[in-house]
Amino acid sequence: MGLMDKIRGEFIDIIEWLDDSRDTIVWRFPRYQNEIKMGAKLIVRESQVAVFVNEGQIADAFGPGTYTLETQNLPILSTLKGWKYGFNSPWKAEVYFVNTRVFTDMKWGTQNPVTVRDPEFGVVRLRAFGAYAVRVSDPKKLLTELVGTDPQFRTEEVAEYLRQLTVSHLGSALATAQVPMIDLAAHQQEIGQKLAAVLSEDLSGIGIVIPRFIIENISVPPEVEQALDKRTQMGVLGNLDQYTKFQTANAIEDAANNPGGGAGEGFGLGLGMAAGQRMAQSMNQAAPAAGPPPLPTTEWYIGTGGQQAGPFDDAGLAAQARSGALTRSTLVWKQGMAQWLPAEQVSELAGVLGAVPPPLPPQ
């Protein structure tokens, strides 16, 4: 190698990044000890941003395109270097290529259940998992706040941080959605959109946005699943009494179709008795409810002509008064009285005796 080739090898005249990975977010151009030649070509492809860093300070950034590096299109770097009147000699700076495409292979999931309050089932524990997409929105913020001097920043380096942030917001998102647990599957997309907006706002400080957040599944603990399955079975069966009658009728029909076996006959007899009992119970349940019992009546006895007569109810007693058999001096008695008393001394008979004239005064 000649002297001139060696000198030219120390200068960089083409700066570019051909990404052969699917998970690299930031890649630092390997300058090492070489110097970038003034007038070098910078090639920035679609979904890339090239950021120049001089001695730890963010300088100029370039979007997609091909550039000839000169002091005119490096205003910030020229100011940092003190190139007031232009400079054509080689110079050193770090170049970071930031991948701005959407990374769609990000996964998330809850290691521990998230506890929420459900309006129908009370406090329940939910697990969830899914995927999300991430994209760099501000390359300068990303380099300053998250990447630092990492020469190759991959998605796996930020995945755990994003997963923790996602889970921290999941509980509040499910609680504020005001959606019963049974209906969560129908609202997963809506909840995912709200989470994407909340996460993007939180991540804006480090230059990252979440354009899409997908909830693939929300599940409950096994014991809750078993309870839900039983409830679903009850809903499918509907009226359990009608279902039992239907099963009994089918069993009787099957037994009738197999008359040869004694066990079948016994089984059919037992089922027939059970069916008869259920039918009687059903008829009793279907019978209209009886009205209230009749009002209690008072039974009166009277003493007339030295004989006991009765019992009489209130209407019968009034008839005795109209016929003259019951007078004010007639002895009367009913259940609860200690002894026979004249009718005029029993306050309950005042209405009955109202139609009986008093005895004539002495002449």
Side-chain angles (χ1 to χ4, degrees), residues 9-37 40-69 74 77 92-111 129-167 192 195-196 199-200 202-216:
E10 295 179 354
F11 299 147
I12 299 174
D13 53 6
I14 297 179
I15 304 172
E16 63 179 343
W17 177 36
L18 298 176
D19 184 16
D20 57 356
S21 70
R22 299 296 301 170
D23 61 351
T24 302
I25 302 177
V26 178
W27 180 77
R28 185 175 65 191
F29 184 78
R31 179 180 57 80
Y32 301 110
Q33 299 299 322
N34 293 341
E35 294 183 334
I36 300 175
K37 182 176 67 176
K41 295 292 183 181
L42 172 65
I43 302 174
V44 183
R45 289 170 172 79
E46 291 292 338
S47 72
Q48 291 181 355
V49 172
V51 180
F52 284 74
V53 179
N54 178 68
E55 297 180 357
Q57 290 183 293
I58 300 292
D60 302 282
F62 296 84
T66 301
Y67 306 89
T68 299
L69 299 180
L74 293 167
L77 187 61
K92 293 183 178 181
E94 295 177 335
V95 183
Y96 289 87
F97 283 90
V98 180
N99 198 336
T100 59
R101 74 172 181 86
V102 177
F103 293 88
T104 59
D105 55 350
M106 310 293 288
K107 302 293 184 180
W108 68 272
T110 56
Q111 291 183 349
F129 65 87
Y132 62 93
V134 62
R135 180 174 60 83
V136 177
S137 59
D138 191 324
K140 291 185 178 180
K141 284 185 178 180
L142 180 68
L143 289 172
T144 303
E145 302 295 334
L146 198 61
V147 177
T149 59
D150 192 340
Q152 189 169 12
F153 186 76
R154 298 178 178 272
T155 55
E156 62 184 16
E157 299 179 55
V158 74
E160 180 60 20
Y161 170 72
L162 294 178
R163 188 197 67 79
Q164 294 175 356
L165 186 63
T166 297
V167 174
L195 273 172
L199 292 172
S200 295
D202 281 1
L203 294 171
S204 61
I206 59 174
I208 292 178
V209 295
I210 306 295
R212 187 169 180 81
F213 190 91
I214 301 172
I215 301 176
E216 295 183 20

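Heads up: numbering here begins at 1 and tracks the sequence. Everything numeric here is computed off the predicted structure, so don't read it as measured data. What you see below is based on every heavy atom in this structure, not just the backbone, and it leaves out hydrogens, waters and symmetry mates.
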Under the side chain to side chain contact (heavy atoms under 4.5 Å, CB included) rule, what do I208 and R135 come out as? Steps first, then yes or no, please.
CA-CA 6 Å; I208 292 178; R135 180 174 60 83; over 6 Å; no
Quick one: are [X] and [Y] in side-chain contact, heavy atoms under 4.5 Å?
X: I210; Y: V134; result: yes
X: Y132; Y: L195; result: no
X: R22; Y: R101; result: yes
X: N99; Y: T24; result: no
X: V147; Y: I25; result: no
X: F213; Y: T166; result: yes
X: F103; Y: V136; result: no
X: V95; Y: W17; result: no

When you measure from the side chain of [X] to the backbone N and O of [Y], does any donor-acceptor pair fall under 3.5 Å?
X: S47; Y: T100; answer: no
X: S137; Y: G207; answer: yes
X: W108; Y: I215; answer: no
X: D60; Y: L77; answer: yes

What verdict does the side chain to side chain contact (heavy atoms under 4.5 Å, CB included) test give for F62 and I15, after you've listed the backbone C-alpha separation in whole Å, the side-chain angles of each residue and the deciding distance to 0.1 Å?
CA-CA 12 Å; F62 296 84; I15 304 172; over 6 Å; no
Does this structure show an ion pair linking E16 with R45, if we count only N-O contacts that are shorter than 4.0 Å?
yes
Salt bridge check: are E160 and R163 linked by an N-O gap of less than 4.0 Å?
yes
For L203, run the side chain to side chain contact (heavy atoms under 4.5 Å, CB included) check against L162, L146, V209, V158 and tell me which one passes.
L162
Using 30° and 60° as the class limits, which term best fits the ring planes of W27 and F97: parallel, tilted or perpendicular?
tilted
Nearest heavy atoms of [X] and [Y], plus distance in Å:
X: G109; Y: V167; value: O-CG2, 3.7 Å
X: F29; Y: I14; value: CZ-O, 3.7 Å
X: F52; Y: A93; value: CD2-CB, 4.4 Å

[atom1]/[X] to [atom2]/[Y] distance, rounded to the nearest 0.5 angstrom?
X: M106; Y: E156; atom1: CE; atom2: CD; answer: 10.0 Å
X: Q48; Y: I43; atom1: CD; atom2: CD1; answer: 10.0 Å
X: I58; Y: T144; atom1: CD1; atom2: OG1; answer: 4.0 Å
X: R28; Y: T149; atom1: CZ; atom2: OG1; answer: 6.5 Å
X: D202; Y: L165; atom1: CG; atom2: CG; answer: 5.5 Å

With a cut-off of 6.0 Å (strictly less than), are more than 12 heavy atoms of other residues, nucleotides or ligands near CZ of R154?
yes
